[in-house]
Structures are given as C-alpha cells and as structure tokens.
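Reminder, nothing fancy here: chain letters follow the sequence lines and each chain counts from 1.
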Number of protein chains: 2
Amino acid sequence: MPKKLYQSVFDGIVQRIVGGGYAPGMMLPSEFEIAGEFGVSQGTARKALIELEKKGIVERRQGKGTFVTLRTPENSLFHFFRLRDENGNQVVPDLLDEKIRKREATTREHERLFGQPEEVFEISRVRSFEQKPLCHELSVVSVSLFPGLIERAPLPNTLYVLFQQAYGCAIISARDKLTAKPAGAVIGAALGVDPEVSVIAGSRESLDLLERVIELRDSVYLTDNVHYSVVMD
Amino acid sequence: MPKKLYQSVFDGIVQRIVGGGYAPGMMLPSEFEIAGEFGVSQGTARKALIELEKKGIVERRQGKGTFVTLRTPENSLFHFFRLRDENGNQVVPDLLDEKIRKREATTREHERLFGQPEEVFEISRVRSFEQKPLCHELSVVSVSLFPGLIERAPLPNTLYVLFQQAYGCAIISARDKLTAKPAGAVIGAALGVDPEVSVIAGSRESLDLLERVIELRDSVYLTDNVHYSVVMD
DNA sequence: GAGTGGTCTAGACCACTTT
DNA sequence: AAGTGGTCTAGACCACTCC
C-alpha cells in the first residue's frame, strides 16, 4: 500500500514520464486535474509537483503551467559542466575532436552501469575554450540502452540532450570524484600540453530519474584560465 | 506592499537567532505557538520553518521539535569538508600543525570580507589522514568580528564550530573554486612532498546566515588516497 | 497521555501569463 | 476574461518521542 499519498502521485507521474505518456517539454495537467485523476486534494497533488520540481524532473512557472524538464544545451552545461571563468561566468566550450567506438565493457563498467552491459560505447572528446584546449572527456554508456548511437556521429555538443531527446533517457543528477594528477603522455598529447602539467581528473557517475547509473565519464580539466566551481549549502 | 507572510515569519525567526534570542541548539516554539506570535496560521508558520530547514538554519525532528542548527565537528566536516576515501566514506583528518597571526588585510580581503576589515587573523593549518599529510589550509577572518581569537590558540579542529559557539556566527554555506597545480616549494615543504606533486587548490568564501562573507580560505589537497566529492542534482 | 512535527483536506484569494 | 501556479487559512487525523 502506498504510504504517503503525495508519494504515490509523485511515482505515478514519474511512471508516465518514463513511459512516454508525458514527453520532455510537455505541459502537465493542472494541479486540480492531477488531483482528480489520482483521487486526492489539490494540496496533495501540489506537494507531489513541488517534490518533482525539487528533483529537477519538472519545471513550474506561475501563470503558465508545469512542464516536464527539457534538457537543453544551456541548462545541461549549467547543471553538469562546472567550469567557470575568473569572474564566475559559465564556460561554454567548443568541441575540437570526437571519437566513438564500440568495445567490451570493463569489469567496473559491467558492475556499475545499469543493466550490467557486456558491450559499451566509448565516446572520447576534446573541448576547447577561447581557442585553447580545455578538457578531455571519456564517456561510457551501455550499447543496449543507446542502440545505433555510433551511427549518429558526429554527436551533439551536449550528450545529455541527445540521451533525452533520442532515447527518452533523462539525466537528472551526477556525482564527481575529483583528484589532481599530471596530465600524462596520452592526455597531454591530446590536449597539446606537457605531460607534467597538473590537471583535475574527474570521475563521474550520471543517474537518470529512476536513479540508475547511465553513464560513466572520466574527464580531465586544464585549469589555467578556469576553475571547477562547487557550491555547498 | 506587504511581503509574503511566511517570508516575514522567516525573517523574524532569523532575527531572533542572530540577536541571540534563539541560541544554537535551542528548541524553537511549536508551529502553533509561532503562528500565534506572528499572527498567522499554523500552515504559514510551517512553511517558514520548512524554508529555514532547507537553508540549514534549523533542524526539525518529528515528535521532538524544531531546533536552531548546532554546528558540531561531525556535521561541519560532513557539510564543508568534501574529501572522501576510495569507498566514498567521510575523511576525518587530524590536525598536525597550526599557526595563527594578526596582520593587515590584503586589498582582496578588504574588499571581499564582510565589514571591509583593515586587519585580519590568518590561520595556517596542516592536516593529516592515516598518518600522512593531507592538506594545508589558510583561513582569513576579520579581526573585528572575532576579537580575541588569537588568544584562544590552539583552536579546535573545526573552526566553524568555534565561530558559532564563541561568536554567535553561523556559517551555513560556502563556495569553492578548484584548480590543479604543483604543490610548490612552500606548501610542498609544509606537507612533506615534492614541489612538483600535483594538488587540488581550493579557494573558498564562507557565508553566514545573512549571506555575509565571513571567511576566505585557501586550501591545498593531496589526492593520493582521497578525492574531492561533488554531487550535482 | 501529552506534545511535537507530518500528512491531508477543502476552500479562498492573489499574481502572473495568455487570449 | 480565463487559466495557471502561489499564498493563506482552518481544521482533521496520523506518526513519532518522551514521560
């Protein structure tokens, strides 16, 4: 039995979103309509919608309505690309190079990725900012979750937009583990810097709205002109 | 024009906290009592309390009451010390060395710190984890906000606990800017590592519950056995 | 059992956006 | 003017904590 009413309304709406009933960017029914459909009061429907908004699953705007969050290049960068310039402004990088291939999953990838895939796509990218190399990213996703991904190359600048719009998979949270290390020969060559240069290495797990691990991403950032921004509250 | 009612209740409670009417750790009146004092309904008082909880200013526990957030070494580390070990567990460091001195504020410190101080305390610390040097921290705070701080040496492991309990100044949020660089001669010597070793350098601004910049802190982390953890959602 | 916060209801009115 | 989310009220009952 569903314990809290607003929780079952929350779950019901999530189900409709993952099932495609509510498409990305689509307007949801009003609070009163949702309340009617689930047989609860408007205040309870409201609480479910507020929880959905807190999780980033929907967006609400007074006078307009409630909408399924649409991943755009802008909000994808803002939420998940944490590099900022000296003044704290968002860094919007360019894509310099991209390689994508299919390969067997490593043990760690098999264990961590949702669906325990045997095969994965590996997407290697080099990004630049103001004509200078900025970072190297190595993304790994399950082949079975993203069939035909390799035929879509070149991929758009922001992967999460593609994941949502082409595969209905919405990334809503991510966890980075950051360390400092020398760039090394391979990454150094890819970024055009000395192998001894210090870089931030970020190891990420990206989760969808059912909190499944969809992507593993290893990033390397040059921080000469930018920094990785963290807000704690 | 009249503000939002729950906002004025929120502000009223914040005032009582900064003014000392509600001390750290103290239990607040119940929702109904607060509603009565401010002349609003219980639901409106409730909304104000929920907002206070979201900001980390109070903590609510069903069946017990609402309490002014008490900064403890545990929650201070958990919220503001982002280093985790390989398994994602909180790193609890030891204090190896501490130096504190009074000096003139730099231009940047004068501009950024609340109160535009001419004089500051500079607290330099070296921390270790599992018998190995872990990080170097350089904290700077206004002399006028923390009179007599230098006489309190040696300071407790977690500064924010002292700030709240001895000076009534509650740090509730912080922003870190992270870069990678070589340790350098001075920090390398302090940490007992080669000057060429890559480290994460973190530049922090710490804010109190009125969003005033209370502390500037430059940290240097060795990330051989730990990482800096970031959660995005 | 008394007191607390947590959930839920039913209704009113306000503020904003669009037609 | 119509429709949306945002605020506010007044009351009921539930779940948890402590005596």
Show every donor-acceptor pair shorter than 3.5 Å between a side-chain atom in residues 42-52 of chain B and any protein atom, with sequence neighbours excluded, or say none if there are none.
| unit_1 | atom_1 | unit_2 | atom_2 | d |
| --- | --- | --- | --- | --- |
| B/Q42 | NE2 | B/E31 | OE1 | 2.6 |
| B/T44 | OG1 | B/S41 | OG | 3.4 |
| B/R46 | NH1 | B/E31 | OE2 | 2.8 |

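By the 4.5 Å heavy-atom criterion applied to side chains, A/E109 and A/L216 are counted as neighbours. For the pair B/I171/B/I214, a side-chain contact is recorded, criterion being any heavy-atom separation below 4.5 Å from C-beta on.
Distance check, rounded to the nearest 0.5 Å: CG of B/D176 to CZ of B/R82 gives 9.5 Å.
The stretch residues 51-83 of chain B participates, sequence neighbours left out, in these ring-ring contact (aromatic ring centres under 6.0 Å, His included) pairs: B/F80-B/Y160. For residues 4-56 of chain B, there are no ring-ring contact (aromatic ring centres under 6.0 Å, His included) pairs, not counting sequence neighbours.
Taking 4.0 angstrom as the limit, B/T44 places none of its side-chain polar atoms (N or O) nearer than this to OP1 or OP2 of D/dT7.
Salt-bridge formation is detected for the pair A/E137/A/R217: a Lys NZ or Arg NE/NH1/NH2 atom is positioned less than 4.0 Å from an Asp or Glu carboxylate oxygen. For B/R16 and B/E37, the salt-bridge test passes: some basic side-chain N is under 4.0 Å from an acidic carboxylate O.
Nearest to the side-chain atoms of A/R60 among the listed nucleotides D/dG6, C/dC8, C/dG6 stands D/dG6. Set against C/dG6, D/dT9, D/dG5, the side chain of A/R46 has D/dG5 as its closest nucleotide. Among the nucleotides D/dC8, D/dG11, C/dA10, the one closest to the side chain of B/Q42 is D/dG11.
When rounded to the nearest whole Å, the span between CZ of B/F10 and P of D/dG6 equals 18 Å. Note: OH (A/Y6) to P (C/dG6) measures 10 Å, nearest angstrom. In this structure, NZ of B/K47 is placed 18 Å from P of D/dA10, rounded to the nearest angstrom. Counting to the nearest Å, the C1' atom of D/dA15 and the CG atom of A/L5 are 15 Å from each other.
In this structure, B/S128 contributes its side chain and B/Q131 its backbone to no donor-acceptor pair below 3.5 Å.
Using a 4.0 Å cutoff on non-hydrogen atoms, the parts of residues 21-40 of chain A near DNA chain C are A/V40, ordered by number. Applying a 4.0 Å cut-off to non-hydrogen atoms, none of the residues of residues 48-57 of chain B approaches DNA chain D.
Heavy atoms of B/R61 sit under 4.0 angstrom from primed sugar atoms or phosphate atoms, though from no base atom.
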If you restrict it to nitrogen or oxygen atoms, what contacts under 3.5 Å exist between nucleotides 16-19 of chain D and the protein, and what is each distance?
| unit_1 | atom_1 | unit_2 | atom_2 | d |
| --- | --- | --- | --- | --- |
| D/dC18 | OP1 | B/K64 | NZ | 3.1 |

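Within 6.0 Å of the CZ atom in A/R112, the count of heavy atoms belonging to other residues, nucleotides or ligands does not exceed 12. Within 6.0 Å of NZ on B/K55 lie no more than 12 heavy atoms contributed by other residues, nucleotides or ligands.
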